[in-house]
*Asks:* 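Encoded as structure tokens, here's the structure I'll be asking about.
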Amino acid sequence: MYDQYSMDDTTRKEEPQWHAFLEKELNLQQYEFATAEDRALLGLAGPGSGKTRALVYRAANLIKSGIRPDQLLLLTFTNKAAGEMKERLERLLGFLPGDLWAGTFHSIGARILRRHASLLGRSANFSIFDEDDSRALLKQILSSLDVDSQDRKLLMQRGFLGRVISQARNSDLKIKDLMEEEYPYRLEFLGLIEETIVLYEQRKRESNAFDFDDLLLCWLKLFEQHPEIRDRYQERFLHVLVDEFQDTNIIQARIIDLFGNASSVCVVGDDAQSIYAFRYAHIGNILSFPEKYESCRLVRMEQNYRSTPQIVELANASIGHNREQLPKKLFSKKPVGEKPLVAKVSDSRQEASFVLQCIWELQNNGIPLDEIAVLYRSSYLTPELEFALSRKGISYRTYGGVKFFQKAHIRDLLAYLRIVHNPGDENAWRRIAVLQKGFGNATFDKLWSGLKEQVNPLDAAIAGGIRPARGKNGWEALCSTLTAIAERKDEAVSSLIDIILENNYDDILRQNYPDQYEERLQGIERLAIYAERFDSLDSFLESLVLEESVFADTASAPEAFGGQLTLSTIHSAKGKEWDTVFIIGMNQGHFPSQRTAGNSLDEERRLFYVAATRARYYLYMSTYREDFRQYGSVSEGPSLFLRELPSSCYKLMDYDYGSSYY
DNA sequence: TTCAAAACGGTTTTT
DNA sequence: CCGTTTTGAA
Ligand SMILES: Nc1ncnc2c1ncn2[C@@H]1O[C@H](COP(=O)(O)OP(=O)(O)OP(=O)(O)O)[C@@H](O)[C@H]1O
């Protein structure tokens with residue numbers, strides 16, 4: 001056991017130097033935050049004010065003062081923010097301590113649950129069901145319950161059932177109360193939904209699986225029901241640090257509170273950047289943090305170090321329209337920059353050519369692609385731009401939107417691996433079983449009812465002797481494939497993928513996607529390449545579910561000198577920054593989104609606030625007059641968020657540069 | 001019970 | 001417009 005105090009002596013020699021460094025790198029408030037010794041600490045400040053910076057320097061300072069890295073726990077909601085935290089800490093320390101726990105709530109939850117799975121009726125190799133898995137399972141349950149097909153449609157459309165269940169769990173409400181409150185028009189299904197939930201929990205358990213929400217809820221349950229385990233983690237993690245705290249939901253706050261009993265808890269956030277209400281983020285977590293932790297030290301940071309005064313002014317003007325935000329000052333002392341530019345273009349193709357032309361000019365002015373991002377409310381706003389970028393050979397990467405591994409062929413392939421990893425995974429079995437010729441859901445149901453009783457369904461299948469009512473050839477092909485990969489399950493994942501293709505899936509791919517065979521096969525090859533980074537099947541599978549895929553399905557133009565342009569949803573861009581930012585699709589109906597009901601307009605505006613404050617020097621926004629997109633093609637005019645800005649905030653430009661550039 | 005063809009219908013944002 | 005659901009033949 002390390003002695004913290006004797007460590008202090010050894011580090012004291014270095015202290016003057018380190019503290020001088022801290023003083024140089026941080027302003028007064030940030031320094032206060034980074035070095036405070038309070039048991040509870042809240043950093044509440046606007047964008048670009050250095051919250052993440054202060055948090056990361058605090059972590060580094062703790063380590064410098066003798067706290068072991070494994071005594072720190074760094075948490076946040078999104079993968080992006082977690083990555084940013086880790087990257088900056090690594091830059092600061094020169095390396096990322098291997099024994100430091102830093103990640104999203106979900107990934108840390110998974111890590112803890114793997115260690116104590118048996119206490120929750122699972123084993124350490126449990127599968128993690130993503131939203132698609134959950135939806136598939138719910139659908140399966142509904143059809144097993146003989147639900148009228150109209151009703152089933154109502155429940156499944158837009159993932160209603162899954163959403164209600166998830167909302168209830170994440171906000172700690174009873175289904176009944178939630179339905180009465182928010183979905184009274186579906187109240188007739190209450191009984192059915194409750195019945196479904198019981199079966200859903202049961203099937204997950206039988207599959208040795210947790211869903212996303214379980215990673216939080218079961219973590220909380222583990223700590224609540226097993227105080228001795230909670231104590232162990234409390235003793236270990238002397239400091240818990242949370243970034244983007246405004247994104248946390250009630251369950252995550254409870255987990256933090258459990259640590260708060262014993263560990264010192266430090267959180268940073270900005271109520272004006274709360275954009276995850278749809279994931280049940282609870283703004284009260286940050287607003288009432290000082291009351292909950294009475295001895296809490298509150299640190300405010302008001303200087304924005306990221307953006308020019310012009311950009312900060314526009315952002316302030318916009319968020320000023322939100323009545324409910326905490327009043328916060330935010331100013332920039334950076335040199336005067338260009339006013340943000342609003343371009344009126346005729347349609348989305350012209351918008352693409354506008355962006356391309358600007359990028360061209362920026363590059364000529366020495367701004368590399370790495371320092372440029374195009375942000376948007378929804379990923380359906382990008383195809384025209386992507387097309388234009390490909391034509392011009394500009395290398396780009398997209399973030400957010402449909403994930404690579406959500407595509408059917410990738411999920412198919414992963415299902416084989418999931419079975420080997422966790423033979424109880426019903427979803428995975430079903431997925432590849434019904435791919436086989438002559439093998440359908442009905443046949444699978446019969447077969448599975450026997451197979452799932454086996455201690456190890458995979459061993460039982462391999463041993464043979466299981467006879468499906470139909471599709472015997474398909475079943476045998478499947479079993480021999482599984483045999484082949486099970487035998488070599490400790491080999492490199494990429495070689496397992498080859499085996500799957502050779503034995504079984506290549507034929508299926510040809511059969512099912514005659515027109516897209518090549519394209520999809522390439523996708524699978526990319527998956528195999530990606531797999532080479534992992535040293536085990538476990539970590540590969542877990543990374544694919546919990547971390548968004550780090551690479552695109554189809555490669556854009558190859559990366560050249562200035563790196564790659566970033567295309568990202570605004571949600572995924574939070575916490576990041578670029579020299580130049582474009583916000584495209586600034587039209588009523590797109591942003592704010594059509595689906596926005598009255599009370600979430602404020603949230604959309606916060607989203608705009610986040611987008612605008614990503615830029616260091618140049619901010620471009622575009623809006624079109626005509627909208628050929630999808631049915632209706634109603635042109636609803638420029639976004640409210642542009643119209644409500646004082647015109648002194650930005651320059652207006654009519655972009656009528658023929659479509660020749662396109 | 002499976003599977004292909006025809007009809008349908010519906011779109012944020014992330015873990 | 002593309003994926004999902006329904007329909008009906010084998
Ligand atoms: N005291 C400082 N001196 C120099 N640069 C600073 C200082 N504080 C912050 N910065 C820089 O300002 C930028 C924004 O900081 P940071 O990302 O930590 O802010 P944030 O408050 O977390 O922003 P957001 O809320 O938008 O995520 C970073 O480039 C950071 O390095």
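Every chain is numbered from 1 and lettered A, B, ... according to where its sequence line falls, protein lines coming before strand lines.
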*Asks:* Using a cut-off of less than 4.0 Å, is there contact between a side-chain N or O of A:N441 and OP1 or OP2 of B:dT1?
*Replies:* no
*Asks:* Check the distance between B:dT15's C1' and A:L220's CG and give it to me in whole angstrom.
*Replies:*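 So the two atoms are 17 Å apart, to the nearest Å.
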*Asks:* Please check the phosphate of B:dT13 (OP1 and OP2 only) for any side-chain N or O of A:S379 closer than 4.0 Å.
*Replies:*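 Answer yes for this pair, as a side-chain N or O of A:S379 is under 4.0 Å from OP1 or OP2.
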*Asks:* If I take atom CD in residue A:Q273 and atom C1' in nucleotide B:dT13, what distance separates them, rounded to the nearest angstrom?
*Replies:*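 For the pair A:Q273 CD and B:dT13 C1', the rounded distance is 15 Å.
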*Asks:* Whole angstroms only, please: what is the CG-P distance between A:N249 and B:dT13?
*Replies:*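 Checked: the CG to P distance equals 20 Å.
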*Asks:* Report yes or no: do A:Q246 and A:N285 form a side-chain donor-acceptor pair below 3.5 Å?
*Replies:*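 Note: A:Q246 and A:N285 side chains miss the donor-acceptor criterion.
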*Asks:* Would one find a side-chain N or O of A:K574 under 4.0 angstrom from OP1 or OP2 of B:dT14?
*Replies:* no
*Asks:* Out of A:D214, A:D425, A:D133, which one pairs with A:K204 under the salt bridge (Lys or Arg N to Asp or Glu O under 4.0 Å) rule?
*Replies:* A:D214
*Asks:* Does B:dT15 have its OP1 or OP2 closer than 4.0 Å to a side-chain nitrogen or oxygen of A:S107?
*Replies:*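 It does not, given that no N or O in the side chain of A:S107 lies less than 4.0 Å from OP1 or OP2 of B:dT15.
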*Asks:* Side chain of A:F77 only, heavy atoms from C-beta on: which candidate in C:dT6, B:dT15, B:dT1 is closest?
*Replies:* B:dT15
*Asks:* Let me spell it out: for each of A:H571 and A:Q436, pick the nucleotide of DNA chain B with the closest heavy atom. Which residue's pick is nearer the 5' end?
*Replies:* A:Q436
*Asks:* For B:dA4, give the paired nucleotide (Watson-Crick: N1-N3 plus N6-O4 or O6-N4; G-U: N1-O2 and O6-N3; both under 3.5 Å), or none.
*Replies:*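 Result: C:dT7.
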*Asks:* Is A:R430 positioned over the aromatic face of A:F444, cation under 6.0 angstrom from the ring centre and no more than 45 degrees off axis?
*Replies:* no
*Asks:* Is the number of heavy atoms from other residues, nucleotides or ligands under 6.0 Å of A:K86 NZ greater than 12?
*Replies:*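 More than 12 within 6.0 Å, yes.
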*Asks:* If you check every side-chain atom of A:F278, which of B:dT2, C:dT6, B:dT13 has the closest atom?
*Replies:* B:dT13
*Asks:* May I ask you to say what A:N79 touches in the nucleic acid, namely base, sugar-phosphate or nothing, with a heavy-atom cut-off under 4.0 Å?
*Replies:* sugar-phosphate
*Asks:* Rounded to whole Å, how long is the line connecting atom CD1 of A:I250 with atom P of B:dT15?
*Replies:*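 Interatomic distance, CD1 of A:I250 to P of B:dT15: 20 Å.
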*Asks:* For the pair made of CG in A:N473 and C1' in B:dT2, what is the distance, rounded to whole Å?
*Replies:*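 Atom CG in A:N473 sits about 15 Å away from atom C1' in B:dT2.
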*Asks:* Does B:dT14 have OP1 or OP2 sitting under 4.0 Å from an N or O in the side chain of A:T569?
*Replies:* yes
*Asks:* Within the 3.5 Å criterion, strictly below it, is a donor on A:N208 or A:N125 matched to an acceptor on the partner's side chain?
*Replies:*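 Yes, side-chain donor-acceptor contact under 3.5 Å.
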*Asks:* Can you tell me the base-pairing partner of B:dT14? Count Watson-Crick or G-U wobble geometry only, both distances below 3.5 Å, and say none if there is no partner.
*Replies:* none
*Asks:* How many whole angstroms separate atom NZ of A:K153 from atom P of C:dT6?
*Replies:* 5 Å
*Asks:* Between C:dT6, B:dT13, B:dG10, which one does the side chain of A:Q157 approach most closely?
*Replies:* B:dG10
*Asks:* From NZ of A:K407 over to P of C:dG3, roughly how many Å is that when rounded to an integer?
*Replies:*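 Checked: the NZ to P distance equals 9 Å.
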*Asks:* Select base, sugar-phosphate, or nothing to describe what A:R606 touches, counting heavy atoms under 4.0 Å on all strands.
*Replies:*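 Contact class for A:R606: none.
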*Asks:* Between B:dT13 and C:dT4, how far apart are the C1' atoms? Round to whole Å, please.
*Replies:*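 Nearest-Å result for C:dT4 against B:dT13 at atom C1': 23 Å.
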*Asks:* Regarding A:F105, tell me which of base, sugar-phosphate or nothing describes its non-hydrogen contacts under 4.0 Å with the strands shown.
*Replies:* nothing
*Asks:* Please answer whether the main-chain N or O of A:S593 pairs with a side-chain N or O of A:E604 as donor and acceptor at a distance below 3.5 Å.
*Replies:*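 Yes, A:E604 side chain to A:S593 backbone: donor-acceptor pair under 3.5 Å.
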*Asks:* Can you tell me the distance, in whole Å, between the CG atom of A:D132 and the C1' atom of B:dT14?
*Replies:*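 So the two atoms are 13 Å apart, to the nearest Å.
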*Asks:* So if I take every side-chain heavy atom of A:S378 and compare against B:dT2, B:dT14, B:dT13, which nucleotide ends up nearest?
*Replies:*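 Nearest to the side-chain atoms of A:S378, counting from C-beta on, is B:dT13.
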*Asks:* Map A:A442 and A:L546 onto DNA chain B by nearest heavy atom, then report which one ends up closer to the 5' terminus.
*Replies:*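 The residue mapped nearer the 5' terminus is A:A442.
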*Asks:* When you check the phosphate oxygens OP1 and OP2 of B:dT15, does a side-chain N or O of A:R163 lie under 4.0 Å from one of them?
*Replies:*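 Checking A:R163 against B:dT15: no side-chain N or O falls below 4.0 Å of OP1 or OP2.
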